[in-house]
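The structure under discussion appears below in the form of C-alpha cells.
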Amino acid sequence: MVGDSLMATGSRGRRDRLAAPRRLLGSWSLWELPRRGLIGYLLLVDAAAFAATAYLFVLRPPAPSSLLPFSALLAGMILSSELSRSVERSRADTRLGAGLDAAWIFAGALLLPPALAAVLVVASAGYRWFRIRRGIPHRQVFAASATMLSALGASLIPVLLGAPPFADGTRDFESFALVFATGLVFLSVDAALAAPAAEFGAEPSGFAFDAAMVAFGLLLAWSAVDWPFVTVVLAGALVVLHRAGTMRALRGHAGTDSGTGLLTASSWLDGARTQFDLLRGRGADLSLLMLDLDHFARLNDRHGRHVGDDVLRAVADTLRAEVRAADLVGRFGGEEFVVLLPGTTRFDAHAIAERIRLRIASTFVSLGGTFAGATVSIGVSSHPAGGETLDRLVGAADQALRAAKGAGRNRTVVFETEDSA
C-alpha cells in the first residue's frame, strides 16, 4: 500500500492578544460597541424619541375621544401579532418594523395624535420583548426609538401643512398625495436613522416589506374610519399573508446557517456530492479545504458568546470574499468550515488556503477599546490523491486539519500520497 504524507506550511500560531472587553452595568453589550460616537448616537436617538413624545404630550394633549381608536389599534396589533407569534419567533431579525406591527403603527400615525402614535410604538416594543423574543436590549430600544420618531414625523405632516386629520379629510387625489407623503416620511426617517446603526450590528431595514406594511396600514386606517367591519377582514388577511410569506422565506433559508449565512453541513454535503460526481466523471480537478478556528472555546470563555459569533461571521465574510461564486462554502460544525473548489489543483488550493489563513489572521472584531482576532488551521485534500469518494476526500482534509493543529495551529497542511508528493 502506498504510504500517505502530510505537507505543512505556515507560521506558528501567534500568541493570543485578546483583551477583556469593557464591562459596565453588568453584561449590557451597549458598552462594548467599537466607538464612543456610536454609543452616543444610540443614546441620542433614544433620548430624542422619548423627549419628543413627552413634549408633544404637553403641547398637544390627546383628547379623550382619541382613546377609543388607540385602544382599537392596540388590540388589533396585539391580536394579529399573537396569532403570528409562532412564525415571528422563527425569524432571524428582531426589528420592530420587521413584522405586522408596522401596518398598525402607520395606521396609528394617520389616526392618532402624535404622542399616542408614539405610545403605540412603545406598546408594540413591550409586546415583542415579552412575547416574541428578548434580543440585545440596546438594539431593541434603538429600534423602538427610531420607529417612534418615524411615527411622530409622519403624524406631524398634516399638522404642519394645516391639513385636516385623516379621519375628517375627503377621499380625493389631494388627500391621497398627503397620505403618500406621510408614508414616505415614515419610511425615510426610519431608514435614515437605521443607516448609521448598521455599523454596530443593527439589523438593516427591509424597505420593500416595510413599504408593503405601510400600504396595508393605510387600508386599515381607511376602513377604520369609513367601514369598521372591513378592518377585521383586513386584519385577518394581513395575518394569513404574513404567516404564509414568512413560512416560505423560512423554508427557502432552511439550508442556510442563520449565524453566518453559509450553507449548513447537510446542504453543503448535498451540493458537494452533486459537484463531485459531475467533475469526477469529467476527470476535472477538485480540491477541498477544511478550516477550524484555533482556541475558539477559549475565546468564547474569555469574551462571551456574542464576541465568538462576531468572529464566526467575520470568518464567513472572509471566505465569501476569497473564493469564487462557483465554490461551495459551508459551516461544518461549531467553529469548523469547509470549502469545495471545483476545477482547482492541490497546488492552487494550497495557495488559496494560505491566502485565506493570512487574511483571517489579520482580521479583528472590535470590542470597545480593544480588538478580538483569531487564527485558523486548514487541511487541504484533492481528488484523486485524497480519495475516490467525497467522504474519503472529506476524511483526508480532516486528517490534514488535525495534523495542522497538532503542529502548532495557524498553518495549512496538504494531504498527499507518496505518488503525488
Side-chain angles (χ1 to χ4, degrees), residues 2-21 260 262 265 287-305 307-319 321-323 327 329-341 344-365 367 370-382 385-387 392-418 420-421:
V2 178
D4 295 334
S5 65
L6 295 169
M7 180 179 72
T9 64
S11 60
R12 185 171 184 83
R14 58 184 169 80
R15 185 174 298 176
D16 268 334
R17 292 176 296 178
L18 307 181
T260 62
L262 301 178
S287 295
L288 188 147
L289 312 181
M290 186 170 287
L291 305 86
D292 189 84
L293 279 164
D294 300 327
H295 303 297
F296 186 69
R298 184 188 303 172
L299 185 146
N300 268 338
D301 292 340
R302 184 173 298 177
H303 298 290
R305 292 187 61 86
V307 174
D309 291 342
D310 288 342
V311 171
L312 288 173
R313 281 190 289 270
V315 171
D317 291 341
T318 298
L319 290 175
E322 292 292 338
V323 302
D327 299 330
V329 186
R331 184 178 178 185
F332 222 51
E335 65 269 19
E336 198 168 68
F337 301 86
V338 64
V339 184
L340 187 72
L341 302 168
T344 306
T345 66
R346 66 188 179 95
F347 299 105
D348 291 335
H350 173 244
I352 293 169
E354 278 294 277
R355 189 174 70 232
I356 290 172
R357 183 184 66 81
L358 292 172
R359 179 165 174 178
I360 290 174
S362 63
T363 299
F364 298 91
V365 174
L367 288 175
T370 61
F371 295 90
T375 61
V376 291
S377 300
I378 306 178
V380 181
S381 63
S382 299
R392 289 185 177 179
L393 195 65
V394 171
D398 182 61
Q399 183 179 342
L401 173 61
R402 284 186 278 112
K405 297 183 84 68
R409 296 182 171 87
N410 189 23
R411 64 186 64 231
T412 298
V413 171
V414 179
F415 179 91
E416 295 181 329
T417 64
E418 290 181 359
S420 63

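When reading the values below, keep in mind they use all heavy atoms of this one structure, side chains included, and skip hydrogens, waters and symmetry mates.
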Calculate, to the nearest 0.5 Å, the distance between atoms CG and CZ belonging to Asp317 and Arg359 respectively. 8.5 Å
CZ-OG1 distance between Arg409 and Thr375, expressed to the nearest 0.5 angstrom: 8.5 Å
Can you tell me how far apart CE (Met290) and CG (Leu340) are? Round to the nearest 0.5 Å. 11.0 Å
In sequence, state the C-alpha distance, the side-chain angles, and the governing distance for Phe332 and Val394, and then conclude on side-chain contact (heavy atoms from CB on, under 4.5 Å). CA-CA 11 Å; Phe332 222 51; Val394 171; 4.1 Å; yes
Kindly say whether Glu322 contributes a backbone atom to a donor-acceptor pair with the side chain of Arg355 at under 3.5 angstrom? yes
Just to verify, which of Thr260, Leu319, Leu291 counts as forming a side-chain contact (heavy atoms from CB on, under 4.5 Å) with Val329? Leu319
side-chain contact (heavy atoms from CB on, under 4.5 Å), paired with Val339, selected from Leu288, Val323, Leu262, Val380: Val323
Correct closest heavy-atom pair for Thr344 and Ala349 would be CG2-N, 3.6 Å
Side-chain donor-acceptor pair present, Ser382, Ser287, cut-off under 3.5 Å: yes
Over all atoms of both residues, closest heavy-atom pair of Ser381 and Ala397: OG-CB, 3.5 Å
Report the C-alpha separation of Ile352 and Leu341 in whole Å, then their side-chain angles, then the decisive distance to 0.1 Å, and conclude whether the side-chain contact (heavy atoms from CB on, under 4.5 Å) test is met. CA-CA 10 Å; Ile352 293 169; Leu341 302 168; 4.1 Å; yes
Test: Asp309 and Arg313 ion pair at under 4.0 Å: no
Euclidean distance, Asp398 CG relative to Leu393 CG, rounded to 0.5 Å: 11.5 Å
CZ of Arg402 to NZ of Lys405: how many Å apart, nearest 0.5 Å? 11.5 Å
After noting the C-alpha distance and the side-chain angles of Val315 and Phe337, does the key distance pass the side-chain contact (heavy atoms from CB on, under 4.5 Å) rule? CA-CA 9 Å; Val315 171; Phe337 301 86; 3.7 Å; yes
Derivation of the side-chain contact (heavy atoms from CB on, under 4.5 Å) call for Ile356 and Leu289: CA-CA 10 Å; Ile356 290 172; Leu289 312 181; 4.0 Å; yes
Any chance the side chains of Ser377 and Asp292 put a donor and an acceptor closer than 3.5 Å? no
Report yes or no: does Arg357 contribute a side-chain atom to a donor-acceptor pair with the main-chain N or O of Asn410 at less than 3.5 Å? yes
So do the side chains of Glu336 and Leu401 get within less than 4.5 Å of each other, counting heavy atoms only? yes
Could you state the interatomic distance from NE2 (His350) to OG1 (Thr345), rounded to the nearest 0.5 Å? 11.5 Å
